[in-house]
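As structure tokens, the structure follows; a few thoughts come after it.
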Amino acid sequence: STSGTHGTLQTVGGGLQLVSGAGATMTIGQTAAYSLNLITNNTSAFTLDSSQNATLAGDFAVSGGNVGIGTSSNSSIGLYVNRTFATSGDTAVSINPTFTAASGTNYGLSVVPTASTNNVQTIYGVTVQPVTAASAITVTNNYSFYASSPSFGASSTVSTNTGLYI
């Protein structure tokens, strides 16, 4: 254990821990089944376990650059998901917000492409293109857009329910 002006560096459980006096801790090693743990204001903010699973507490922002999930990032795609799923029912992207505002309008997904003042010929708000492999394959059903039946709670009142509104 070594103490300095800005904190203490110590070995803990086969790992290394840096503790500041302001409630910030960084642990590197096998302590409590994680390889990296960053604590701010006495709350675990980021953990990376020994299987390379990362957990973030709080908001996450990418202020520059792009994100790739299951692949490298793509310089022309802000969020790029490209991975193989082998189990029936797998979902590449799932958006399940819970709204608690007493009034107003909420959006589960808002897509707002905006053209600049330059000459833009085409904008697609949403494009869907199901693709099959270049082999003999049978797809029983293909739905480019599918609106599931809503599930309203027993005490809910919905004045108008529309599957697709144009």
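The side-chain heavy atoms of Ser88 and Asp90, taken from C-beta on, include no pair separated by under 4.5 Å.
Applying the side chain to side chain contact (heavy atoms under 4.5 Å, CB included) criterion to Ala133, with sequence neighbours excluded, gives Ser135. Remark: Leu109 engages Ile95, Val111 in a side chain to side chain contact (heavy atoms under 4.5 Å, CB included) (not counting sequence neighbours). Under the side chain to side chain contact (heavy atoms under 4.5 Å, CB included) criterion, Ser94 pairs with Thr91, Asn96, not counting sequence neighbours. The side chain to side chain contact (heavy atoms under 4.5 Å, CB included) check on Ile123 picks up Pro113, Ala115, Val120, with sequence neighbours excluded. For Asn142, there are no side chain to side chain donor-acceptor pair (under 3.5 Å) partners, not counting sequence neighbours.
The other members of the hydrophobic cluster of Phe152, by chain and number, are Val158 (side-chain heavy atoms under 4.5 Å, ILVMFWY only). Side-chain contacts under 4.5 Å among hydrophobic residues (ILVMFWY), followed directly or transitively, place Phe85 with no other residue at all. Other members of the cluster containing Ile77 are Tyr80, with ILVMFWY side chains joined at under 4.5 Å, either directly or via other members. Through side-chain heavy atoms spaced under 4.5 Å, either directly or across other Ile, Leu, Val, Met, Phe, Trp or Tyr residues, Val131 is tied to no other residue.
Residue Ala147 comes nearest to Gly163 through the heavy atom pair CB-O, 4.1 Å, listed as atom of the first residue, atom of the second, then distance.
Screening residues 93-141 for ring pair (Phe, Tyr, Trp, His ring centres under 6.0 Å) gives no qualifying pairs among residues at least two apart or on separate chains. Applying the side chain to side chain donor-acceptor pair (under 3.5 Å) test to every pair with at least one member in residues 60-78, sequence neighbours left out, gives these pairs: Asn74-Ser76. Within the structure, side chain to side chain donor-acceptor pair (under 3.5 Å) contacts touching residues 145-166 (residues at least two apart or in different chains) do not occur.
Taking hydrophobic clusters as Ile, Leu, Val, Met, Phe, Trp and Tyr residues chained together by side-chain heavy-atom distances below 4.5 Å, Val128 does not share a cluster with Val139.
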request  = Go through Phe145 and Leu164 one step at a time and tell me if the side chain to side chain contact (heavy atoms under 4.5 Å, CB included) criterion holds.
outcome  = CA-CA 9 Å; Phe145 293 96; Leu164 177 63; over 6 Å; no
